[in-house]
Amino acid sequence: MASAAQKRIKSISYAKYGYLFILPFFLVYGIFQLWPLIKTFILALYGNGNKVIGKDLMTGQMLYNDISNEDFVGLDNFKALLFGGKGEFDDATVHHEVFINAFKNTIILWVGNFIPQIILSLSLAVWFTDAKLKIAGKGFFKVVMYMPNIITAASVSVLFLCIFATNGPVNQILGELGVDTIRFVEGTKARPVVMFIQTWMWFGNTMIMLMSGIMGISPSLFEAADIDGASSMQTFWRVTLPLLSPIMVYTVVTSMIGGLQMFDIPYLFHDGTIENDKIETVAVYILKRYKNQNGYQFGYAGAASVILFIFTAALGSITFIMNRDKDEVLKRKQRKMLIKQAKAKKNQFGGLGI
């Protein structure tokens, strides 16, 4: 028989200590993430301070009326950003045009840097993990390729502003080749530069993640493909890529979240105090609404944040649905059907199993 001490030990529950250990995470999450998220949804339903009501024909300056940030306006901010207003100088029309431009820039910049990033990262990941290739200095190359990811965005912006400046190295080389000076910082010409910077900064991180996924695949599968006479391309398309799909989905979703929230490089990559509206993203638009010449416009900033949140969540859900394991989904449905049939059969006999 168990002693009193053993019975007391068995009766002690240690579950509460586990909850105590994870409590700091939930406290930090609730204070710094969950509450700001809820507050953003609330602010999206309130006013924006001063509102444009017309234009002074004599001075050309905009005319405003005073509307408190505490006035509840419902879904008006969402309607303004998505559909605009009725007049040319209507505040809703102005913000609609700026927001739609920022949203287009965000999509263009994300797609433009993600496609070359995933192609380059996947190619390097397959190359570095190929057992047939005896590549010297793999560790050195991995570190060098990952390093741009740990450099601050401000430093990267200054670096590339110097490289692509009017009198910078790139224009000097182009001048030697007889090409006229290109203003890379202005207009749409800045877009390819921002795409290149984002690709350069993040391809190393993506490469490491894809390498971890490839190294998680059983080597026996590659050996079997080699014995069957499969070429490198056949092995890649028939073995590596299908088994890499979970990591690929994770990469796509995380890149999507980061790309749609792109802020630092588009905001910092400009000459002097003149910002380039061709690379202004939604995140930059949100910051500008926080504090601008018309005062605090929390309503528009909150509405833009919510729209971006919903759009990102929708794209992420679609990506998961398109890449889920169809066989596993079918098996789950079959299990649910069998459980349902078993319960129905049990109920036929008054709840008694036969």
Side-chain angles (χ1 to χ4, degrees), residues 22 25 109-151 195-262 312-338:
I22 64 175
F25 166 78
L109 293 176
W110 171 60
V111 173
N113 86 80
F114 176 72
I115 293 176
Q117 180 189 147
I118 196 68
I119 293 174
L120 179 61
S121 301
L122 186 58
S123 302
L124 290 171
V126 172
W127 187 47
F128 280 132
T129 54
D130 194 338
K132 298 178 184 178
L133 301 176
K134 305 297 181 182
I135 303 173
K138 282 185 181 181
F140 170 77
F141 287 115
K142 292 176 188 176
V143 172
V144 170
M145 292 176 182
Y146 186 78
M147 279 186 66
N149 184 242
I150 62 177
I151 302 174
M195 294 174 189
F196 174 77
I197 295 172
Q198 291 290 132
T199 302
W200 177 75
M201 285 185 66
W202 292 100
F203 86 95
N205 180 67
T206 306
M207 180 192 71
I208 296 297
M209 287 195 296
L210 294 176
M211 284 181 63
S212 66
I214 294 174
M215 289 188 290
I217 300 174
S218 176
S220 60
L221 297 174
F222 296 108
E223 293 172 2
D226 191 30
I227 292 172
D228 290 340
S231 64
S232 299
M233 289 300 296
Q234 288 175 328
T235 302
F236 172 76
W237 288 107
R238 302 294 178 87
V239 179
T240 306
L241 200 57
L243 295 176
L244 199 61
S245 58
I247 297 295
M248 289 290 289
V249 172
Y250 173 79
T251 303
V252 171
V253 172
T254 52
S255 174
M256 182 190 307
I257 295 171
L260 294 177
Q261 295 177 355
M262 195 185 307
T312 306
L315 284 183
S317 301
I318 293 171
T319 304
F320 273 115
I321 292 171
M322 292 178 62
N323 290 278
R324 62 182 177 176
D325 191 340
K326 295 180 180 179
D327 294 334
E328 183 62 29
V329 173
L330 182 61
K331 289 178 181 178
R332 193 181 299 114
K333 288 182 179 180
Q334 290 174 347
R335 284 197 298 268
K336 289 182 178 180
M337 187 179 296
L338 291 173

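Closest approach of Leu210 to Ala125, counting heavy atoms only: CB-CB, 3.8 Å.
In this structure, Phe141 and Leu124 have side chains that are not in contact, with every pair of non-hydrogen atoms separated by 4.5 Å or more. Gln261 is not listed as a side-chain neighbour of Thr312, based on a closest heavy-atom distance of 4.5 Å or more. Considering only heavy atoms from C-beta on, Asp130 stays 4.5 Å or farther from Phe222 through its side chain. Using a 4.5 Å heavy-atom cutoff, the side chains of Ile208 and Asn149 are not in contact. Here the side chains of Ser255 and Trp110 are in contact, with some heavy-atom distance below 4.5 Å.
Judged by distance alone, with hydrogens and angles left aside, the side-chain atoms of Thr254 form a donor-acceptor pair with the main-chain N or O of Thr251 at under 3.5 Å.
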Does the pair Thr206 and Ile118 meet the rule for a side chain to side chain contact (heavy atoms under 4.5 Å, CB included), with working shown?
CA-CA 7 Å; Thr206 306; Ile118 196 68; 4.1 Å; yes
May I have the step-by-step check of side chain to side chain contact (heavy atoms under 4.5 Å, CB included) for Leu122 and Leu244, ending in yes or no?
CA-CA 10 Å; Leu122 186 58; Leu244 199 61; 3.7 Å; yes
Could you walk me through whether Phe128 and Met145 pass the side chain to side chain contact (heavy atoms under 4.5 Å, CB included) check?
CA-CA 12 Å; Phe128 280 132; Met145 292 176 182; 4.0 Å; yes
Evaluate Met195 against Leu109 for side chain to side chain contact (heavy atoms under 4.5 Å, CB included), listing each step before the verdict.
CA-CA 6 Å; Met195 294 174 189; Leu109 293 176; 4.2 Å; yes
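At most 12 non-hydrogen atoms from other residues, nucleotides or ligands lie less than 6.0 angstrom from CH2 of Trp202.
To the nearest 0.5 Å, the span separating CZ on Phe320 from OH on Tyr250 amounts to 10.0 Å. Rounded to the nearest 0.5 Å, atoms CE (Met207) and CD1 (Ile214) are 10.5 Å apart.
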